[in-house]
Every structure is written in C-alpha cells, then in structure tokens.
Amino acid sequence: MFGAGNQGRSGGRRARPRRAAALALVGAVLTGAAACGGDGATDGDKGGKDARTDGKAPASTPADGAEDAAESAASAGSGEPGTPGISGGSGALSQRDLTALAFTDGEKIGKYTAGEFSLGEPQGEDYTADPAVCQPLVSLAKGATAFDPASEVHRNVDVAEEMVGTTVAVQLRSYNGGGAVAVMKALGAAGKACAGGFVENRAVAKGQYLKVEPVKAPDHGDEAQAYRFTILDVKGTLKLYEYLTVVRSGATTLSFRADILDTKDIGKVPEEVITAQWKKFEAASTR
C-alpha cells in the first residue's frame, strides 16, 4: 500500500486514495481500527541496501535471477508483432488489440466496476525496490524492469460505493520475443529472494515489506504466480496486506494487484475479477 498518489477514475467518478496516499493517511485512518479489532492478520495460503534517492528504476541493471531472465529474453530475439517467439511466447499484441481484450470503462464484474485510471498508470517506473532483485514485485511497467512491454492497458476495479474496500489494479502487458517468459522468471526469482522483505521506494515515501509469501495461483494461461505481501504502515505499528497475481498467456501477462485501506487481510485477489478478465482475454484472443 505504498507508492504513488491518488489513482482516480475517469468520467467524474469518485477517486479513492491509493498506495502513496495511504502512506499519509493510513496511520490516522487505521489507528482506531487497530484499537477496536487488532491487526486482523491471518496466516493466508502458502503456495538491505540503502534506499535509492535518484528516483530511477534500479532494474535497468537486473540482479541475480533477473540476469538469467534477461539472457533468456535476449536469446529469443527481439521479435515482431504477430511473429512467433520462444516456446510459450509470440509477438506482442498492438495497443489497440490489447485494449480490446481488457475490461471496458464501466464494465460490471459482480459487485465490482471497472474503470480507467485518470491520473496515469499505477505502479509506474518511479516505483523502485531495494534490493533491485525485488523490482518485479513492485512494478512491471515500461522502464521499471529490464523487460519493457510493447503495449500496456491499465484498469481500476472496485466497488464504487465503498470508500474503504478492496481495489484491484488490473494490468495487461504484451511483449516481443521472450519478454513475457523472462518477466515471469524474474518475478519468480524475486519471490524467492525477497521472502524476508524489502523496501519500496518512491520520491515522497517508502514502504517496508515485511514478508513475501507464495499463495495459490489460478489455473489459467501458460503459467501463473501469486503472492501475499505483509507491509508495515507508516507509523511502524500496524500490518497491512496486499496480494499480487500474474498470469502469462503466450507473449502477454495479466497482472492483478489487490489492496485495501484497512488492517483486514482480504485473503486473495477476488476470484471473480481474475476469472472475468481471463475469460474475456481468452475468448477474444482465440477468435
């Protein structure tokens, strides 16, 4: 729950404070909640360096497992849209084609509603991790890691009437060559190397991730990974929880990051959101 400022919705709909906004607000908002009901933590399913100050993503020089992933991507060649890549990969989808596979603005998913981010993409390249090997757990945006997507689409999914409720950032990214496979390899390496925690840095805030745990991933696509993050609040007293699920299908990844402005552990990324986006992606991409 740490990083960039408010990520509002388009169309004049209510904007909910997210991540970096939570750094400024969560202490005051959650102190009362902690006094009433504790930190609400559950065990969940089980499936340092000094902070950077230059504001640049460290992943331009990938560390440890990310280096192997970079070599895998390089060996596959740059690729062109619509051309084959390495095993399980293919050419990147165009921005138009990828957008057609994503949720539309105002689309309903059960109690949730999808919308566009009006203040730019969430989890952009200015989100960095210390140590750098943890970067894929923080952001997969263009410029954030060694593997730049050729196209990206971002959607915000939440319950419009809830001020404090689960919010899911749904992000589709398509890569040339072996980029998508390399991203998943780097993500897996980060999940192992950063199990004991890491620091998320941004210009105006830092977030201390205490623990990174694998949780059950959905049975979609060519491969999938899922993680539960335990994060320390700005006052260093309350534990907050966030979930990340990433699914790869060929040259495209579907990322789902769920959080809540509360000490409640939501348990996982809402299944209905993952399933609805996967079905839409699968149906359209196999026509």
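Heads up: numbering here begins at 1 and tracks the sequence. Atoms considered below: every heavy atom in the structure, side chains included; atoms not considered: hydrogens, waters and symmetry mates.
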If we ignore hydrogens and angles and just use 3.5 Å, is the side chain of [X] paired with the main-chain N or O of [Y] as donor and acceptor?
| X | Y | answer |
| --- | --- | --- |
| Asp148 | Gly143 | yes |
| Gln95 | Glu152 | yes |
| Gln277 | Leu101 | yes |
| Glu200 | Tyr209 | no |
| Thr230 | Leu210 | no |

Pairwise distance [atom1]([X]) to [atom2]([Y]) - rounded to 0.5 angstrom:
| X | Y | atom1 | atom2 | answer |
| --- | --- | --- | --- | --- |
| Ile231 | Lys239 | CD1 | NZ | 12.5 Å |
| Thr99 | Arg155 | OG1 | CZ | 6.0 Å |
| Leu240 | Lys264 | CG | NZ | 14.0 Å |
| Thr253 | Glu223 | OG1 | CD | 10.0 Å |
| Asn156 | Tyr112 | CG | OH | 12.0 Å |

What is the minimum heavy-atom distance between [X] and [Y], and which atoms define it?
| X | Y | value |
| --- | --- | --- |
| Gly250 | Asp222 | N-OD2, 2.6 Å |
| Ala193 | Val133 | CB-CG1, 4.0 Å |
| Asp259 | Ile266 | N-CD1, 4.4 Å |
| Leu98 | Leu172 | CD2-O, 3.4 Å |
| Val168 | Pro270 | CG2-CD, 3.7 Å |
| Ile109 | Glu272 | CG2-O, 3.4 Å |

Problem set entry | Contacts of type side chain to side chain donor-acceptor pair (under 3.5 Å), residue Asp97, not counting sequence neighbours | Ser94
Seminar exercise, completed: With sequence neighbours left out, the residues meeting side chain to side chain donor-acceptor pair (under 3.5 Å) with Ser174 are Thr252
For this session: Could you tell me how the ring of Phe229 sits relative to the ring of Phe198: parallel (under 30°), tilted (30 to 60°) or perpendicular (over 60°)?
Result: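 The arrangement is perpendicular - the two ring planes meet at more than 60°.
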Heavy-atom distance under 4.5 Å between the side chains of [X] and [Y], does that happen here?
| X | Y | result |
| --- | --- | --- |
| Leu244 | Gln225 | no |
| Asp158 | Thr166 | no |
| Phe256 | Val157 | no |
| Arg173 | His154 | yes |
| Val246 | Arg248 | no |
| Phe147 | Pro136 | no |

Exercise. Is a salt bridge present between Arg228 and Asp265, judged by a nitrogen-to-oxygen distance below 4.0 Å?
Worked result: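 Between Asp265 and Arg228 there is a salt bridge, with a charged N closer than 4.0 Å to a carboxylate O.
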Exercise. Would you call Glu107 and Lys280 a salt bridge, using N to O less than 4.0 angstrom?
Worked result: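 Yes.
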Exercise. Who are the salt bridge (charged side-chain N to carboxylate O under 4.0 Å, His left out) partners of Glu271, not counting sequence neighbours?
Worked result: Lys268
Problem set entry | Chi angles and distances behind the side chain to side chain contact (heavy atoms under 4.5 Å, CB included) call for Thr128, Val138 | CA-CA 7 Å; Thr128 65; Val138 171; over 6 Å; no
